[in-house]
Amino acid sequence: MKLFIDASKKEGFINPEIYGHFSEHLGRGIYEGIYVGEDSEIPNTDGIRNDVLEALKEIEVPVLRWPGGCFADEYHWMDGIGPKEKRKKMVNTNWGGVTEDNSFGTHEFLRLCELLGCKAYINGNLGTGSAREMSEWVEYMTGTGVSPMTDLRKANGREEPWKIDYFAVGNENWGCGGNMRPAYYADLYRHTQTFLRNYDTKNPIKKICVGPGTDQVEFWTKKVLEACFEDAPKGSHGFMDYFTLHHYVFPDCWDHKGDAVDDAENLWYQSLHKARFIEDLIEKNEALLDQYDSEGEIGLCVDEWGGWYDVQKGTNPGFLYQQSTMRDALIAGVSLDIFNKHCKRVRMANIAQMVNVLQAVVLTEGSKMVKTPTFYVFKMYKGHKGGELVSSYFEGNPEIGPEDYRVPTVSASASVKDGALTLTISNLSKDSTVDLDIRVDNFKAGLKVVEGKIVNAANIADFNDFDKAEKVTEKDFNDFKLNGTSLGVQLPAHSVVMLKLQ
Ligand code: AHR
């Protein structure tokens with residue numbers, strides 16, 4: 001099998017936000033997973049656990065979306081500010097019916113972003129909120145001068161405004177966000193976004209319009225774009241900067257997703273086939289966006305993606321806690337390659353979710369923490385962030401897997417940044433090693449591999465368990481032979497590899 005790379009053919013800028021994360025008030029995602037409170041015995045900084053912070057810093061989180069998800073459309077931000085003992089408690093109706101004490105609110109979230117050095121993506125409440133509530137939230141966070149919300153922020157101890165990069169008007173409003181019809185949502189979107197003011201005119205907030213879930217392109221994308229662009233002033237690009245897309249991998253089906261560990265191997269090709277389906281969805285949405293926005297002003301934001309399995313036995317079904325195996329590493333590898341390849345339109349993606357929920361990068365149990373296989377893939381892909389995607393194509397990349405769930409044997413993407421070429425390659429074969437000949441044109445006369453890493457494990461179902469040595473980690477990879485501008489690589493079965501060339 002051959003892979004051709006032409007470093008002179010630049011195909012777009014890989015926005016670092018493609019490597020973004022999502023964290024919702026769901027299960028142990030925020031509480032326990034990130035926020036333990038200042039009085040906890042678990043070492044923390046302003047209530048945020050240090051072990052998780054350190055791990056997340058290692059993968060350089062570029063942007064974090066919060067507070068939901070479905071939770072966002074029932075979240076009233078004013079309940080989460082001011083003295084903690086006075087904050088209102090609520091029932092988290094979406095996720096397990098547990099009490100939400102609002103001890104993690106706007107100040108705590110933005111402190112987390114500061115500690116991570118990442119951008120803030122706030123998801124507003126359209127379902128049970130109002131234009132006023134969202135408008136005041138923006139004023140509270142970013143307001144300058146004298147105004148009621150700015151004064152309130154100052155009274156709560158924060159003098160300086162925060163920088164908010166992204167604000168979404170609702171979440172999945174075709175479903176948990178209100179079961180709205182597309183035209184109705186579009187009208188509410190147009191209305192609400194008007195009142196999201198830019199107090200910091202140098203850093204305008206990017207406004208995010210809710211897009212479709214899997215299979216909803218016809219029903220939602222078409223109609224929302226049509227209504228947002230209808231009679232819209234020229235240059236307003238439908239009043240939006242970003243349009244979202246959600247896609248989860250339910251390996252078997254919604255009612256029986258399969259076990260995260262026990263079914264990792266038998267649902268392998270099904271899972272990877274469904275992960276790769278994101279490319280179809282991206283292309284369909286790209287085509288519709290092109291019709292309205294040929295200049296490419298609107299970014300596509302895949303702000304929920306990942307594998308979703310049956311919850312771990314013995315845990316709260318509403319908490320969506322699952323383990324993570326080599327299958328997840330491959331889901332991450334193929335998805336990130338696809339996002340890279342579509343970086344002209346895909347300008348943000350947020351894996352669901354960062355800690356303890358669905359395809360997490362970090363799992364915690366009391367004071368213990370493990371990094372998942374997905375964590376190591378994010379770490380290996382760091383070199384792509386802010387790079388220029390370069391042309392890459394295969395010769396002879398046969399499809400494998402059962403009839404209904406075919407996938408190409410290998411997935412790859414390549415980018416150039418600061419004189420180095422980052423190449424990521426995944427071998428989707430369950431059980432066969434692949435010999436890959438790589439030719440790199442228009443880069444350097446004599447190639448040098450300055451770094452080689454691999455995420456692999458003896459068994460597909462291997463995972464990193466608490467109190468045990470990690471089985472699925474990033475290791476050095478040396479199984480390559482250099483020959484001028486060519487490189488011969490042996491890719492072990494079910495592996496994700498990164499090569500940095502100079
Ligand atoms: O990530 C879990 C849930 O999946 C989110 O709350 C919702 O937006 C989606 O349906």
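Note that the coordinates shown come from a computational prediction; the quantities given were computed from them, not determined experimentally. Order of listing sets the numbers, starting from 1, for every ligand and every atom in it.
Below 30°, between 30° and 60°, or above 60°: for Trp66 and Phe109 the angle between ring planes is below 30°, a parallel geometry. Taking the six-membered ring where the residue is Trp, Phe104 and Tyr35 present perpendicular rings, their angle passing 60° and hence far from 30°. Relative orientation of the Tyr75 and Phe71 rings is tilted, given thresholds of 30° and 60° on the angle between their planes.
Of the protein's non-hydrogen atoms, the one nearest atom 10 (O) of ligand 1 is Glu172 OE1, 2.7 Å. For atom 4 (O) of ligand 1, the closest heavy atom belonging to the protein is Glu304 OE1, 3.2 Å. Of all protein heavy atoms, the one closest to atom 1 (O) of ligand 1 is Tyr248 OH, 2.7 Å.
Considering backbone and side-chain N/O of Cys70, one or more are found under 3.5 Å from N/O of ligand 1. Annotation: Trp308 places no N or O atom under 3.5 Å from an N or O atom of ligand 1; distance criterion only. Between Gln353 and ligand 1, a contact under 3.5 Å exists for at least one N or O pair.
Aromatic ring centroids of His107 and Tyr140 lie under 6.0 Å apart. In summary, the aromatic rings of His256 and Phe250 are positioned with their centroids too far apart to meet the 6.0 Å limit.
Within a 6.0 Å radius of CZ in Phe13, other residues, nucleotides and ligands contribute more than 12 heavy atoms. Sparse packing is recorded around NZ of Lys471, with 12 or fewer heavy atoms of other residues, nucleotides or ligands lying under 6.0 Å away.
Close contacts of ligand 1 with Phe22, meaning ligand atoms under 4.0 Å from a residue heavy atom, involve 1 (O).
Counting heavy atoms closer than 4.0 Å to ligand 1, residue Asn171 contributes side-chain atoms (C-beta onward) but none from N, CA, C or O. Residue contacts with ligand 1, taken as heavy atom pairs separated by less than 4.0 Å, involve Trp95 solely via side-chain atoms from C-beta onward. In Asn94, neither the side chain nor the backbone holds a heavy atom less than 4.0 Å from any atom of ligand 1.
With contacts defined as side-chain heavy-atom distances shorter than 4.5 Å, the pair Tyr309/Arg327 qualifies.
Assignment of Phe71 to the shell around ligand 1 is not supported, since no heavy atom sits closer than 4.0 Å.
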